[in-house]
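Remarks on the structure that follows.
Just so it is clear: chains get the letters A, B, ... in the order the sequence lines come, proteins before strands, and each one is counted from 1. What you are looking at is a predicted structure, and each value in this text was computed from that prediction instead of being measured.
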Protein chains: 2
Amino acid sequence: MNIGEASKASGVSSKMIRYYEQIGLIHPTARSENNYRLYTEDEVHVLRFIRRARSLGFSLEETQKLLALWQDKARESAAVKEVATQHIADLERRIAEMQGMVKTLKHLSHCCSGDGRPDCPILEDLAASAAPPVKPTRRKH
Amino acid sequence: MNIGEASKASGVSSKMIRYYEQIGLIHPTARSENNYRLYTEDEVHVLRFIRRARSLGFSLEETQKLLALWQDKARESAAVKEVATQHIADLERRIAEMQGMVKTLKHLSHCCSGDGRPDCPILEDLAASAAPPVKPTRRKH
DNA sequence: CTTGACCTTCCCATGATGGGAAGCCCTATC
DNA sequence: GATAGGGCTTCCCATCATGGGAAGGTCAAG
């Protein structure tokens with residue numbers, strides 16, 4: 001089938017399919033005489049695997065690891081679990097970070113009259129930052 | 001003071017200060033005879049405001065709005081609250097999304113033996129995606 | 001006079017995705 | 001046969017916020 005059908009069948013856009021091929025996440029497929037990419041059911045299955053991994057928040061790099069493990073019949077499930085565990089930890093860190101923001105913002109918002117007057121505790125907080133030097137937290141590469 | 005000092009005093013890297021100037025988030029500053037950027041206390045204060053807004057997760061676009069409101073003595077606090085409320089909603093949406101991922105992943109991980117055997121419910125889930133077409137959710141622009 | 005620490009501008013990279021142009025191929029319709 | 005439309009190809013650009021690094025100017029201390 002052509003890339004458009006593979007896209008519909010997998011839920012991955014044509015653009016992304018080409019990109020995944022370009023970065024080596026998936027193998028180049030066969031081509032028709034017109035130079036159109038041709039996809040088999042197996043290849044569509046791989047695309048669905050990728051889409052599912054992405055929907056669980058795995059990066060393309062992690063997805064590539066999972067894909068390799070999936071295709072390695074002799075894999076150890078411990079390796080898969082390791083990838084998942086790391087990802088869970090990363091998600092939880094980011095969730096906690098955002099929850100901290102929400103907590104602060106809700107407090108400030110609650111204290112803000114939100115009417116026609118100019119006084120605003122939200123702006124006061126932003127303006128009052130007395131402690132300048134905070135090492136920014138780094139993400140996973 | 002020079003950009004390096006302003007950076008230390010505000011917690012914003014020199015790179016970012018120049019970038020903020022380039023995109024018009026902050027006004028171009030005075031220059032010394034050597035063409036070095038010169039910063040006043042007020043300008044450092046603005047940089048700290050930006051850093052604080054960023055640390056609460058506001059985008060640079062939102063930060064610009066907040067900055068404009070901060071500098072507008074006749075602002076209505078309702079306008080500020082509106083920006084904050086939208087941002088809270090966005091954060092909460094993203095948190096919920098990630099919590100959903102964590103929930104699924106924890107369940108799958110829990111079911112995975114994580115030893116030397118190849119059987120793995122995590123991979124089975126990824127491979128089993130029976131429902132292809134899911135419209136991806138869009139973020140705020 | 002050299003060294004090192006600043007500063008300047010300019011270009012490139014990240015991650016994952018979309019937009020769009022220019023051009024080829026095929027089919028259906030007039 | 002000509003044309004219109006839709007699908008495919010490659011290539012380039014944009015996003016968002018940030019960092020890395022090169023090439024070169026400036027300044028102060030040794």
**Request:** Answer yes when A:E92 and B:K106 have at least one side-chain N-carboxylate O distance shorter than 4.0 Å, and no when they do not.
**Result:** yes
- Does C:dT8 have OP1 or OP2 sitting under 4.0 Å from an N or O in the side chain of B:R37? yes
From CZ of A:R31 across to P of D:dC8 the rounded distance in Å is 12 Å
Testing D:dC8, C:dC11, D:dA17 for proximity to the side chain of B:S59, the answer is D:dA17
Output for pair (B:R93 CZ, B:E97 CD), nearest 0.5 Å, gives 6.5 Å
In whole angstroms, the gap separating C1' of D:dG7 from CD1 of A:I17 amounts to 14 Å
Rounded to whole Å, CD1 of A:I3 lies from P of C:dC25 at a distance of 18 Å
Taking only the side-chain nitrogens and oxygens of A:S13, find out if one of them lies under 4.0 Å from OP1 or OP2 of C:dG18. yes
B:R54 CZ to D:dC16 P, in whole Å, measures 11 Å
A:N34 CG to D:dC8 P, in whole Å, measures 11 Å
Winner on side-chain proximity to B:Y36, out of D:dA17, D:dC11, C:dC6, is C:dC6
Can a side chain N or O of B:Y20 be found less than 4.0 Å away from OP1 or OP2 on D:dT18? yes
- Do A:L105 and B:L91 come close enough that some side-chain heavy atom pair is under 4.5 Å? yes
- Query: If you measure from the Lys or Arg side-chain nitrogens to the Asp or Glu carboxylate oxygens, is any gap between B:R117 and B:D115 under 4.0 Å?
  - Reply: yes
When rounded to whole Å, the CG to C1' distance for the pair B:L25 and D:dT18 reads 14 Å
Rounded to whole Å, CZ of B:R51 lies from P of D:dA17 at a distance of 17 Å
From OH of A:Y19 across to C1' of D:dC12 the rounded distance in Å is 15 Å
